[in-house]
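Step one of this worksheet: look at the structure below.
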There are 2 protein chains.
Amino acid sequence: MRRGAQAADRMSPLYAPGGLPRNYLRPCLLLLLAEGASHGYDLLEHIAQLGLERADPGGLYRTLRAMEREGLVRSWWEHSASGPARRTYDLTDEGLDWLHAWAGSLREVHRHLGGYLARYEVLERSASRIAP
Amino acid sequence: MRRGAQAADRMSPLYAPGGLPRNYLRPCLLLLLAEGASHGYDLLEHIAQLGLERADPGGLYRTLRAMEREGLVRSWWEHSASGPARRTYDLTDEGLDWLHAWAGSLREVHRHLGGYLARYEVLERSASRIAP
DNA sequence: CACCACTACCTGCAAGGTACACATAGCGGC
DNA sequence: GCCGCTATGTGTACCTTGCAGGTAGTGGTG
């Protein structure tokens with residue numbers, strides 16, 4: 001490797017690798033809701049495990065409402081004894097269908113990324129053979 | 001699976017799973033150019049193997065020029081005996097650094113997707129246990 | 001009781017990336 | 001001369017994303 005880890009230094013927003021799938025928030029929400037009904041704030045804390053560290057609350061709530069408009073999820077208010085009321089979400093049959101569709105897509109992406117990385121490692125190996 | 005493959009029917013651009021990484025074009029071009037100098041039209045035909053089927057030529061040329069402005073690639077004109085002149089691209093050292101950075105990011109994404117799919121399959125298995 | 005922290009939900013906006021259509025030009029075949 | 005293929009680009013409208021802000025209820029502390 002030439003000039004070390006220099007590239008990581010100037011991580012300007014323009015060029016920085018981000019790389020998570022487009023619309024990744026949607027399949028994440030579909031999966032979590034397929035595992036059980038939940039509310040926004042709770043989902044916000046669980047999507048981090050799926051790769052979305054520091055997700056934006058605004059985007060999350062917006063996406064949930066959009067998915068409700070599209071019929072993928074249902075919601076109702078739940079008034080708990082302590083704390084503010086929360087809107088609890090639940091997957092519809094159509095939402096489940098979309099989860100399956102997304103899972104298929106993401107499996108494809110996973111496969112493609114595997115191919116990319118394999119090809120990259122071939123390059124790496126041949127480079128280290130020249131300069132070990 | 002309920003109601004079959006119904007979800008695939010109304011693939012409106014709004015809700016359709018697409019799912020390739022954001023900015024995926026860039027790491028693809030970096031990888032291909034790391035494998036050897038090439039020109040736009042040729043790259044266009046090769047990125048399909050990496051997951052970008054039917055990629056848009058406009059975006060590709062724009063991205064190449066942007067990467068040149070950023071110093072990731074160099075380019076020069078090559079006049080062949082037959083057909084129009086082509087602009088040939090070549091990776092710079094900085095471009096190679098970015099390829100490494102991208103590969104790291106994509107490896108992370110690959111891992112996260114693996115986690116997602118594993119979690120999805122757990123769900124699938126428990127669903128098929130109820131309705132086989 | 002005034003104040004602050006925490007949970008919880010929601011809106012507005014600017015920047016950036018993507019998709020689609022379109023424009024140009026050289027060359028070869030009919 | 002016209003069409004199709006290679007090859008490189010521009011214009012633009014749309015969507016997503018990230019960030020900043022704004023409301024509200026509850027509980028604890030001085």
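The sequence lines fix the lettering, A, B, ..., with proteins before strands; numbering per chain opens at 1.
Atom P of nucleotide C/dG16 and atom CZ of B/Arg69 are separated by 12 Å, given to the nearest angstrom. Rounded to an integer number of Å, the gap from A/Tyr24 OH to C/dG17 P is 21 Å. If you measure from atom CG of B/Leu64 to atom C1' of D/dG9, you get 11 Å, rounded to the nearest angstrom. B/His79 places its NE2 atom 13 Å from the C1' atom of C/dA25, with the value rounded to the nearest Å. In this structure, A/Leu52 atom CG and D/dT17 atom C1' are separated by 12 Å, rounded to whole Å. What separates CD of B/Glu78 from P of C/dA25 is a distance of 22 Å, to the nearest Å. Whole-Å rounding puts the A/Glu70 CD to D/dC15 C1' distance at 13 Å. Counting to the nearest Å, the P atom of D/dT16 and the CG atom of A/Leu25 are 11 Å from each other.
Aromatic ring orientation, A/Tyr24 versus B/Tyr116: tilted (interplanar angle from 30° to 60°).
The shortest distance between side-chain heavy atoms of A/Leu72 and A/Arg26 falls below 4.5 Å. You'll find the side chain of B/Val73 stays beyond 4.5 Å of the side chain of B/Leu29, heavy atoms only. Here the side chains of A/Arg74 and A/Leu33 are not in contact, with every heavy-atom distance at 4.5 Å or above.
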Nucleic acid footprint by protein, nucleotides 5-14 of chain C - heavy-atom cut-off 4.0 Å, B for base, S for sugar-phosphate alone: --BBBBBB--
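Judged by distance alone, the side chain of B/Asp56 and the main-chain N or O of B/Gly59 form a donor-acceptor pair under 3.5 Å. Put simply, the side chain of A/Ser75 never gets that close to the backbone of A/Thr88: no donor and acceptor are under 3.5 Å apart.
Look at A/Asn23 and you won't find any side-chain N or O under 4.0 angstrom from OP1 or OP2 of D/dC15.
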